[in-house]
Amino acid sequence: MSASYLEATARERILAVLDAGSFTELLPPAQRVVSPHLGQLDAPVSFDDGVIIGEGQLGGRAVMAAAQEGGFMGGAVGEVHGAKLVGLLKRAIRKQAAGVVLLLETGGVRLHEANAGLIAVSEVMRAVLEARAAGIPVIVLVGGANGCFGGMGIVARCANTIIMSEEGRLAMSGPEVIETANGVEEFDSRDRALVWRTTGGKHRYLIGDCQQLVGDDTEAFRQAAIAALADAGPAPLTLSALQAEQETLRRRIAVFGDADDPMDIWAELGVPAPQAVPMLEAEAFTAMAESHRIPFNA
């Protein structure tokens, strides 16, 4: 298997991130638990509905894990897909797992399933927060070609820890959605450099939306996830924590609201030679960024 996390399938990723030989899949393809909606639309189905869930070990500790398959409908979430994620999170609470690892690659809600998909994503959000409230850390990995968008972008930010690669992308609305709603003058989705500057891992790390940036390597993601699980202490969901997050967002808008490009934000943060940031390797970038980034809020 390629060491590239970006190029790996969901099944390859989950096997590489967890301890070798430890993963046991729940509701595998052989059980054929498929979407009840796609067949009615004569749309193709997947026997795992585009998400692999199960339990295993991470650094010797018992965890629950899920990986979305970006190759099936862009990793979009429908009723069964979401139910599998919710069931996994509830199982983690019931079994008092050491943590939950979510390997997210998704465009958000599966439009074919409309309200059923929207409800599914909202239930995943609730389940993530319930797991955290039960003292079980939730760790998100983002490094797939489809990024992590829509409602699942919100799910990611509900987690304790987000680990990204430069190739990963994280946002609420995807580039095409922004362009469709506000015009190409607002955001040109064909400008790939702009897309990655705006939603990519380096920008998310600098503005405090992810906790760690790694290279495009499955082993790097694995080691970062092990470290995050070991370091995860109590992260209570309190009103004061929510108010602190809102204050961070308010300050971000006040300081960066007039910026036309992420490079303007990087310059405001004091990053030397912002135009060189896209060319930096992950290790060199994080060493430089450490003294300029906004702290992560979980």
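Along the sequence shown, residues are numbered consecutively beginning with 1. In what follows, every heavy atom counts, from backbone to side chain, and hydrogens, waters and symmetry copies are set aside.
Among L229, V138, I136, the single residue meeting the side-chain contact (heavy atoms from CB on, under 4.5 Å) criterion with N160 is V138.
Inspection of the E113 and S35 side chains reveals an N or O donor paired with an N or O acceptor under 3.5 Å.
Here the CD1 atom belonging to I52 is positioned 8.0 Å from the OG atom belonging to S46, to the nearest 0.5 angstrom. Rounding to the nearest 0.5 angstrom, the gap separating the CD1 atom in I178 from the OG1 atom in T199 is 8.5 Å. L141 contributes atom CG, which lies 12.0 Å from atom CD of E105 (distance to the nearest 0.5 angstrom). Between C158 atom SG and L102 atom CG the span is 11.0 Å, to the nearest 0.5 Å. Rounding to the nearest 0.5 Å places CD of E281 at 11.0 Å from OG1 of T286. How far CZ of F187 is from CD of E176: 9.0 Å, rounded to the nearest 0.5 Å.
Contact check on D19 versus R222 returns a salt bridge, with a Lys/Arg side-chain nitrogen under 4.0 Å from an Asp/Glu carboxylate oxygen. Of the charged side-chain nitrogens involved, none lies within less than 4.0 Å of a carboxylate oxygen, so that E179 and R190 do not count as a salt-bridged pair. With respect to the salt-bridge test (charged N to carboxylate O, under 4.0 angstrom), the residues R110 and E79 do not qualify. In summary, E247 and R250 engage in a salt bridge, as defined by a charged side-chain N under 4.0 Å from a carboxylate O.
In terms of heavy-atom proximity, H292 sits nearest to G270 at CE1-O, 3.0 Å.
Annotation: cation-pi geometry satisfied between R13 and Y5 (NZ/CZ under 6.0 angstrom from ring centroid, within 45° of ring axis).
By the 4.5 Å side-chain criterion applied to Ile, Leu, Val, Met, Phe, Trp and Tyr, V80 is assigned to a cluster that also includes L27, V33.
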Going through the checks in order, is the side chain to side chain contact (heavy atoms under 4.5 Å, CB included) test met by K202 and W196?
-> CA-CA 9 Å; K202 285 178 176 174; W196 258 264; over 6 Å; no
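Remark: R94 engages no residue in a salt bridge (Lys or Arg N to Asp or Glu O under 4.0 Å) (not counting sequence neighbours).
R91 places no side-chain N or O within donor-acceptor distance of the main-chain N or O of V86, the cut-off being under 3.5 Å. Put simply, the side chain of R192 gets close to the backbone of S189: a donor and an acceptor are under 3.5 Å apart.
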